[in-house]
**Q** 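Just dropping this structure here.
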Amino acid sequence: MAVTTETPDVEVSGLSFGYGRHGHRITDVSLSVRATEVCCLLGPNGAGKTTLLRCLLGLLKPESGTVRITGRDIGTLAPRELARSVAYVPQSTSSPFPFTALDIAVMGRTPHLGLLEAPGAADRRSALAQLDRLGIARLADRSFAALSGGERQLVLLARALVQQAAILILDEPTAALDYGNEVRTLHVVAELAREGHAVIMTTHQPSHALTYSNRAVLMRDGVVIADGHPDDVVTGESLSDLYGVPVHVTGVTLPPGYDRREMRTCVPIPAPWSDPQPEPRARPRTIPRPE
Amino acid sequence: MTRPAVPTGTDPVPATEQDGAGEVVDQDAGGVIGQRVDQGVVESVGEGGDPAVQDRRPGARAAASARIRATLGDHLRVVLLAVGLLVLIVVSFGLGRYTLGPVSVVRVLAHELFGLGGDVPGQNRAVVMDIRMPRILAALLVGAALASSGAAYQTMFRNPLVSPEILGVAAGAGFGASVSILIGLDTTLLQIIAFGSGLLAAVLSLTISRVVGKGSLIILVLGGIIIGAMFNALISSVQYFANPETTLPEITFWLFGSLARASMHGLIVPAIIVAVCLVILYAVRWQLTVLATGDDEARSLGVNRTRIWALTIGASTLMTATAVSVAGIIGWVGLVVPHLARFAVGPSFNRLLPVTALIGAGYLLAVDDVARTASSLDLPLGILTALIGAPFFVALLAKAGRQWL
């Protein structure tokens with residue numbers, strides 16, 4: 001199987017796109033993301049994050065500016081060539097048909113197959129290998145639609161791995177997940193970047209950028225307003241300004257026993273709406289789990 | 001820590017272990033599944049180990065090898081279906097007012113088709129080759145065409161409730177046939193006109209979706225409904241003006257669907273069209289499967305949506321128009337049979353297509369056997385397929401309905 005030898009990267013320069021008069025537009029966006037980077041796109045709804053992603057995926061043709069994937073202009077790449085370099089992990093996928101998890105994962109082989117070819121045993125084996133790698137090989141025969149949100153997200157990640165694309169594009173990968181699955185999915189994403197993938201993801205959680213990424217890009221009204229290491233650009237000030245609500249970014253020290261001791265996270269500052277000294281609280285109850 | 005840019009498909013299932021591991025699956029399948037994922041992910045992330053060493057649990061590997069092997073089962077299923085269809089064909093040749101045993105049928109076929117064996121009684125030859133052959137071939141052809149185009153439309157529209165009449169093809173062809181009967185054209189001309197007006201209906205639906213909906217699938221479905229309703233109204237007006245003694249019964253019977261009109265020379269062109277269309281659908285079988293998961297995803301996997309849509313719509317529409325021009329309006333086959341096939345081999349169109357074609361051919365042949373033998377009258381085929389199809393579809397809904405909602 002082919003392994004990309006050049007360093008995967010995405011170069012966006014002067015990119016503009018508009019959906020007509022009232023749609024979201026992005027203006028003069030420049031950005032470059034290299035292998036081993038997890039780049040988090042942050043910004044309020046309608047800031048143009050998804051539009052930017054869709055331009056990177058070749059789903060939208062920019063009005064002006066260029067997108068280069070590993071040095072080549074995206075406009076000159078055939079869809080299949082592009083699919084071998086860039087993989088898309090959507091929030092979720094839905095089909096009325098009972099595809100199994102393996103069916104979905106094996107679709108990642110599509111850009112590597114001949115136009116008239118269907119995947120064979122070798123393709124299914126490599127799809128299974130990636131499901132296995134993410135610890136979900138046992139789900140292979142289960143109906144994708146019947147899986148939990150976290151399991152589905154892992155299957156879609158497996159499909160992206162099967163695709164063997166060096167650049168992963170994730171659109172709010174954790175939007176529909178519970179807390180545990182959110183953390184698990186982001187662990188996998190961070191690990192993939194460490195292995196040499198270039199990852200670009202949108203998220204509504206600034207703490208994702210602080211915890212899992214080494215690059216943060218802040219967007220507002222279709223314009224990039226800050227770009228750099230999360231420790232530098234994701235600050236209480238910038239977040240308060242970006243989202244229009246008071247946010248505080250603070251350091252956290254983890255107890256001994258973890259690789260990482262110092263972390264940063266963000267908390268919203270509650271509005272001063274209530275008495276700081278409420279009435280005496282009810283005693284907390286914990287219901288013991290039945291034996 | 002830097003590793004090769006792209007993880008290659010490391011095989012967690014060493015070839016030598018694939019067969020031996022089979023028994024472990026069952027023990028393990030019902031085990032503590034909940035914890036597994038968590039362990040798996042934590043393993044692969046926390047330790048960041050080599051993917052090849054991870055997930056050495058026997059359950060996962062055995063399930064893996066079982067799934068790879070299951071494709072052999074798919075091939076076996078196709079072969080079994082084909083054998084079953086052959087048996088059904090031989091039995092069908094024997095059914096009728098002049099009943100023949102399977103041995104006599106096989107002897108006639110062997111002698112006539114392959115020049116094998118000794119002479120056969122002239123009457124047997126005439127019954128098999130002249131009377132029943134065209135009708136049986138027509139049933140196989142029309143059944144396979146309707147079922148395959150139904151499966152292709154369902155996959156393309158991502159809607160399991162779509163049938164081959166979706167673009168108004170059947171109503172259009174019915175209108176063409178009604179007019180032909182009204183003005184007294186012969187069978188060949190009627191077929192050509194029915195075929196042409198069926199295609200015209202599809203082109204009108206596509207034009208509506210193009211002009212109004214900029215190619216949207218939902219507008220295309222609505223366009224089909226509109227065009228279908230329009231042509232049905234036109235059919236009714238033709239019936240209103242038809243002579244109730246002569247042409248009206250003929251039009252009505254044509255619209256009910258029947259294979260009684262089939263003739264060998266009349267099947268040659270339809271057979272070629274259906275064969276070419278099946279080859280086209282086979283060619284797009286995988287790209288169409290990927291499209292069934294969504295436009296953006298399919299495009300990000302390198303699928304050329306416009307091309308696959310055009311080929312699928314073109315092939316399915318041609319096949320439907322052909323089937324209707326040969327046999328009249330036969331509903332439900334293209335709606336129900338793909339579901340049966342999906343139960344057998346899953347929704348991937350590459351596996352679905354051959355199974356759908358085989359089941360469709362066998363189903364219509366069996367129903368036509370009933371139509372021509374159940375009573376001294378030739379029962380209208382379209383009525384029978386609806387009578388069988390409707391309750392059958394309810395049973396399917398009861399079984400699979402949750403997946404569709």
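Just so it is clear: chains get the letters A, B, ... in the order the sequence lines come, proteins before strands, and each one is counted from 1. These numbers come from a predicted model, not from an experiment.
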**Q** How long is the gap from OG on B/S300 to CG on A/L57, to the nearest 0.5 Å?
**A**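 These two atoms lie 6.0 Å from each other.
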
**Q** Which one wins on heavy-atom pair count under 4.5 Å against chain B: A/V89, A/L115, A/L113?
**A**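 It is A/L115.
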
**Q** Contact part of A/I104 toward chain B, heavy-atom cut-off under 4.5 Å: side chain, backbone, both or neither?
**A** side chain

**Q** If every non-hydrogen atom of B/Q154 is compared with every non-hydrogen atom of A/F97, which pair is closest and at what distance?
**A**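 Nearest heavy atoms, B/Q154 then A/F97: O-CZ, 3.2 Å.
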
**Q** Among B/P347, B/G302, B/G346, single out the residue with the greatest number of heavy-atom pairs under 4.5 Å to chain A.
**A**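 Greatest number of close heavy-atom pairs with chain A: B/P347.
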
**Q** Checking A/E117 now: which residues fulfil salt bridge (charged side-chain N to carboxylate O under 4.0 Å, His left out) with it, not counting sequence neighbours?
**A**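 For A/E117, no residue satisfies salt bridge (charged side-chain N to carboxylate O under 4.0 Å, His left out) once neighbours in sequence are set aside.
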
**Q** If I compare all heavy atoms of B/L301 with all of A/A83, which pair ends up nearest, and what's the gap?
**A** C-CB, 3.6 Å

**Q** Does any backbone or side-chain atom of B/R305 lie under 4.5 Å from a heavy atom of chain A? Answer side chain, backbone, both or neither.
**A** neither

**Q** Among A/R54, A/M107, A/E81, which residue forms the greatest number of heavy-atom pairs with chain B at distances under 4.5 Å?
**A** A/M107

**Q** Could you list which of residues 289-298 of chain B have a heavy atom closer than 4.5 Å to any heavy atom of chain A, in residue-number order?
**A** B/T289, B/V290, B/A292, B/T293, B/D296, B/E297

**Q** Against chain A, label B/V303 side chain, backbone, both or neither, depending on which of its atoms sit under 4.5 Å from a heavy atom there.
**A**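 Just its side chain gets close to chain A.
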
**Q** Is the number of heavy atoms from other residues, nucleotides or ligands under 6.0 Å of B/I218 CD1 greater than 12?
**A**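 Open.
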
**Q** Quick one: what part of A/P111 sits under 4.5 Å from any heavy atom of chain B, side chain, backbone, both or neither?
**A**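 Contact with chain B: backbone and side chain both.
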
**Q** So for A/L59, is it side chain, backbone, both, or neither that comes closer than 4.5 Å to the heavy atoms of chain B?
**A** both

**Q** Which atoms form the tightest heavy-atom contact between A/L116 and B/R285, and what is the distance?
**A**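 Residues A/L116 and B/R285, closest heavy atoms: O-NH1, 2.9 Å.
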
**Q** Considering only heavy atoms, which portion of A/V183 lies under 4.5 Å from any heavy atom of chain B: side chain, backbone, both, or neither?
**A**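 Neither part; nothing is under 4.5 Å.
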
